[in-house]
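Notes follow once the structure below has been shown.
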Amino acid sequence: MDATRRVVVIGDVHGQLEQLTRLLHDAGLIDDQRNWSGGTASLWLTGDFFDRGPDGIGVVDLVMRLQREALASSGKVAALLGNHEVMVLAVRRFGDQIVNDIDGYSFYDVWIQNGGNEHDLEALTESHADWIRSLPAMALEAERLLMHPDSLMYKRMGKTIGAVNNAVAALLEGDAIVAWDRFIRDAAKRKAFVDLQPFGAALARHMLHRYGGRQIVHGHTPITAMTGAEPSKVTRPLLYANGACINMDGGMYLGGPGFWHELTPMKDATDLGTAG
Ligand SMILES: [Mn+2]
């Protein structure tokens, strides 16, 4: 692998296919025909392709195609598993089945409450489902720990990235409804690393110590929910937790334009790299 290859990250898309297309074009990763033009570049998406927006399936179809095209030019397109992908698979598998008699809800209810899009569910094929099940929950690239949520939820699932990814994959292959429910409930938690939490930065450093990497790159929580900024004015990632975390979620479903961000080699703990 080329040590100097570009590594570009794009945050949570939530069905905003046109915005994703514009960002990929701006970043030089696709041409006017929407074909991969990124050469050997590496592209990471932080997950949450579905729900809250118009065309989650269109987004996934584009990412799957670019993944094949990038491979042909020794580039890479990779994506993290988001909790909305897990929710869509849960509804596909369990439908309106009541999860437990005490709470009396189904995954369908939870999904609808979280912006579930019926069109996405109807258009979801077995090949989409297989692709989702293949997505890593965590990954390491360019000295960064990449994961969708800004929470501690993966700690209970394994002590290494490989163990967490295996545990999540096993969950998604199985019919253990309680385990699916726990994952989806866990994903409601966020902001574990924010500076307002007394130990936010320390918890981020602990995650890095446990799983590797010098900085956490995540999505899941729109930057506007951390800073109070107008969604339309969020045009770059948020560096926080004393430089230990980068939030990539531009809140595209809230009307944010989104952004792309290039992970440059880390020089020091507060390096944010080059923002797009
Ligand atoms: Mn999420």
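The analysis underlying the following values was restricted to heavy atoms, covering all of them including side chains, and did not include hydrogens, waters or symmetry mates. One-based numbering, in listed order, for ligands and for the atoms of each.
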Find out whether the Lys NZ or Arg CZ of R236 is both under 6.0 angstrom from the six-membered ring centre of F259 and within 45° of the ring's axis. no
Picking from D48, L45, L81, L135, what satisfies side chain to side chain contact (heavy atoms under 4.5 Å, CB included) with H148? D48
So which heavy atom on T21 is nearest to which on L17, and how close? OG1-O, 2.8 Å
Carboxylate-amine/guanidinium proximity below 4.0 Å for R92 and D120: no
Any idea which heavy atoms bring L254 and P231 closest together, and the distance? O-CB, 3.7 Å
Ignoring water, what protein N, O or S atoms are under 2.8 Å from the Mn ion (ligand 1)? D48 OD2, N83 OD1, H148 NE2, H220 ND1
Any sub-3.5 Å donor-acceptor pair from Q19's side-chain atoms to G256's backbone N or O? yes
